[in-house]
Every structure is written in structure tokens, then in C-alpha cells.
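Structure record follows, encoded as C-alpha cells.
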Amino acid sequence: MRSSSHKVAIVPCSGIGKPYGTVSRVAAYQVTEDDRPELTRLVPLALLVMGDEEYGRIVTESPAITIDGCPQACATKMVQQSGGRVAHECSVLGAVRSHRDLKPQGIAELNEDGEKLANALAQEINAMIDALTVAGPDK
Amino acid sequence: MPELPRKKVGIIACSGEELPEGTITRLAALRVLHQVRPEDTVTICLPLFLAGGEGDRNFARFYPTIAVDGCEKRCAFRGTEKYSNRPAAGIVVTDLIAQHGLDQPHGCRKLDAAGMKAVELTAQEVADTVDELLGKGLR
């Protein structure tokens, strides 16, 4: 098992105003809890921004994959401002464009389309993690 | 008579993804916004707020806000104070759980029964605070 400093940091949007924030969070949980728990570490945005030492260290020592819920791209900006390296920027809007048949709804709880979209996004992230971890954390 | 803008209270949830209490803040804020006090509240997106969302920061400069934090790190309260204005009130879920002797919540992704009870309690606490701030007294 990798030490936390060598895991890929997964940084979702923390937005609660729209379903897209929830999609980013659900995708992040799927990756970090179900699909790639040994290779990843979930990084909460609020703690990172408020200068938490532990999470600050994680993003400076590990590659990060950010999952933004809107064009403001808070997750990506915040990792960069914390001195971290964003290996991949994922966006829920990008996933929506790739899956136009899915219409996510619901914030507290996603509808079926929202869950499917989160799953599609998680699969995309899994592939990124696999590429990063095969190449090594510094690649 | 000119119609003045209705006074509302901003709710800022920490939304911490790494703790069940973070999920409790998010669900409680949404419950107040959508069900309990929809006419009197707005939610402020914490990551956008921290990333420099001027609209949200300006709201918190001129309107009362309630920071709802999951733990004693109080990212929502401290972030609001740092980037905009001191919140009119702060609620910490771990404190509420201890004060009311609730069971420890589990499940960041999907809360257990204890977590849902804490959502209910937190939402009620937020709603009571909204009423106090708007001078409405107990309903």
C-alpha cells in the first residue's frame, strides 16, 4: 500500500448550489472509496484553502486530479494556489457534453442520470489514475 | 413606497467531504434553504467564496450569515471572517451532537440514521438562528 504522500490527490468541488457539485462529489467518493482506495486520497477543498497542514502537504507532494463543478474551477485554482500540481483537470460540464443523454438533477440526492454521470466521470478519473500510477507519481 | 430588497440570511456550510459531519452541514443547509426557511435564506458556495467570488463575498459583507461547520476547525466561519465579514452566528455539528447526546454519525457518502438525526437537529438550529437574526422570534 502506498503512503498517503504517494497517493493521487482527488479534489472535488464543494459546491452545494447545483447538481453538478454533487456529481463531482459522488464521482470522487466512488474513486476514493470503491474503485481506487489504495491509490488515492480525498482532499476536502475547504480545509485545503484554509491552510490545513496535512492536506497542504498532500497536494504539494502528490499529483492531483481536480473535479470542478462549474467554469469557476475552484478546485483547480485552489490546488494551484496551495502550491500543488494539477495532473488532470476534470470537469462535470465536460462529462455532460460527452453524455448529452444524461440530465442530472437533485442536490441532496442525485437522480438516476446524475448517478450515471458521476459513474462515467469516475471511470474517466480511474483511467487517469492508472496512467499516473503506472508512470509513477512524478510523471 | 419603493420596495426594498427582502432581508435574507446567508448560510455557509463547510461541506467537508472527509467527515460525516461535513455531509451533515451540507444536507442541513439544503434542508433549510429548500424546505424549512426558503423565503428567508440563501446559501453561499464556500469554495467559490474562498476562490474569490465577489458576489458571494459582497453578500456576506452586507447581510447576516450563519457558518455551519462540521468540526472544530471551523473552516466556514474562519473563511467567511477572513475573506468577507464575521458571521453573525456559527454552528458546529460536533458540538451539537455532544450537547444533545446523539450517537456518532457514520458515512460521508450516505449518512446513517444517527447522521440523518443530526441533519434534522442542525437544520432546526439553523432555522432558529435565522429567525433570531431576522427578529421573527420563535415560530
Side-chain angles (χ1 to χ4, degrees), chain A residues 4 9-22 24-35 37 40-55 58 66-82 106-110 115 118 122, chain B residues 10-35 41-56 59 67-83 106-111 115-116 119 123:
Chain A
S4 67
I10 305 295
V11 192
C13 156
S14 282
I16 67 168
K18 295 187 177 72
Y20 292 173
T22 307
S24 87
R25 233 178 341 264
V26 170
Y29 281 134
Q30 181 177 325
V31 170
T32 57
E33 291 184 2
D34 301 341
D35 298 345
T40 56
R41 179 78 191 262
L42 182 70
V43 174
L45 204 49
L47 271 175
L48 180 67
V49 177
M50 292 314 295
D52 183 86
E53 227 172 85
E54 181 189 357
Y55 290 105
I58 290 170
T66 55
I67 316 171
D68 284 303
C70 78
Q72 300 286 342
C74 298
T76 300
K77 284 182 196 164
M78 294 294 100
V79 170
Q80 289 166 340
Q81 280 182 27
S82 304
I107 302 175
E109 200 161 349
L110 288 174
E115 291 286 344
Chain B
I11 301 172
I12 306 168
C14 85
S15 191
E17 289 81 15
E18 83 291 9
L19 292 175
E21 288 84 352
T23 302
I24 291 167
T25 70
R26 189 166 56 243
L27 295 182
L30 289 170
R31 186 171 293 193
V32 173
L33 177 74
H34 293 305
Q35 296 166 20
T41 55
V42 295
T43 57
I44 293 176
C45 178
L46 183 63
L48 180 59
F49 187 84
L50 299 177
E54 273 311 306
D56 289 18
F59 179 94
V68 189
D69 280 298
C71 73
E72 77 293 343
K73 289 182 179 173
R74 300 169 79 223
C75 295
F77 193 99
R78 291 189 299 121
T80 306
E81 188 169 35
K82 182 174 176 184
Y83 292 107
H106 293 94
C108 299
R109 194 170 174 179
K110 186 140 184 85
L111 290 171
M116 292 311 294
V119 169

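By convention in this document, chain letters (A, B, ...) are assigned in the order of the sequence lines, proteins followed by strands, and residues within each chain are numbered from 1. As a basis for the values below, the full set of heavy atoms in this structure was taken, side chains included, without hydrogen atoms, waters or symmetry mates.
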B:Glu54, CD atom: more than 12 neighbouring heavy atoms under 6.0 Å
yes
Quick check: are there more than 12 heavy atoms from other residues, nucleotides or ligands sitting under 6.0 Å from CD of A:Glu109?
no
Under 4.5 Å to a heavy atom of chain B? For A:Leu45 that would be both
Examine whether an atom of A:Gln30 lies under 4.5 Å from a heavy atom of chain B, and if so say whether it belongs to the side chain, the backbone or both; otherwise answer neither.
both
Can you say whether B:Leu48 sits under 4.5 Å from chain A via the side chain, the backbone, both, or neither, judging by heavy atoms?
both
Report which part of B:Ala76 has an atom under 4.5 Å of a heavy atom belonging to chain A: side chain, backbone, both, or neither.
neither
Below 4.5 Å, heavy atoms only, C-beta onward: do B:Arg109 and A:Asp34 meet side chain to side chain?
yes
Taking salt bridge (Lys or Arg N to Asp or Glu O under 4.0 Å) as the definition, give me every residue that meets it alongside B:Lys82, ordered by chain and number, with sequence neighbours left out.
none
Residue from B:Ser15, B:Gly22, B:Gly16 scoring the most non-hydrogen pairs under 4.5 Å with chain A is B:Ser15
Kindly compute the distance separating CD (B:Glu18) from OG1 (A:Thr32), expressed to the nearest 0.5 Å.
11.5 Å
Say you draw a straight line from OG1 of B:Thr43 to CD1 of A:Ile16; how long is it, rounded to the nearest 0.5 Å?
4.5 Å
Name the region of A:Cys13, side chain, backbone, both or neither, that has any atom closer than 4.5 Å to a heavy atom of chain B.
backbone
Proximity breakdown for B:Cys45 and chain A, heavy-atom pairs closer than 4.5 Å:
side chain
Comparing B:Ala29, B:Cys14, B:Pro47, B:Cys108 against chain A, the one with the most heavy-atom pairs below 4.5 Å turns out to be B:Pro47
Looking only at A:Ser14, A:Ala46, A:Pro44, most heavy-atom pairs under 4.5 Å shared with chain B are made by A:Ser14
Output the distance between atom NZ (B:Lys73) and atom CG (A:Leu47), rounded to the nearest 0.5 Å.
5.0 Å
To the nearest 0.5 Å, what is the distance between CE on A:Met50 and CZ on B:Arg74?
11.0 Å
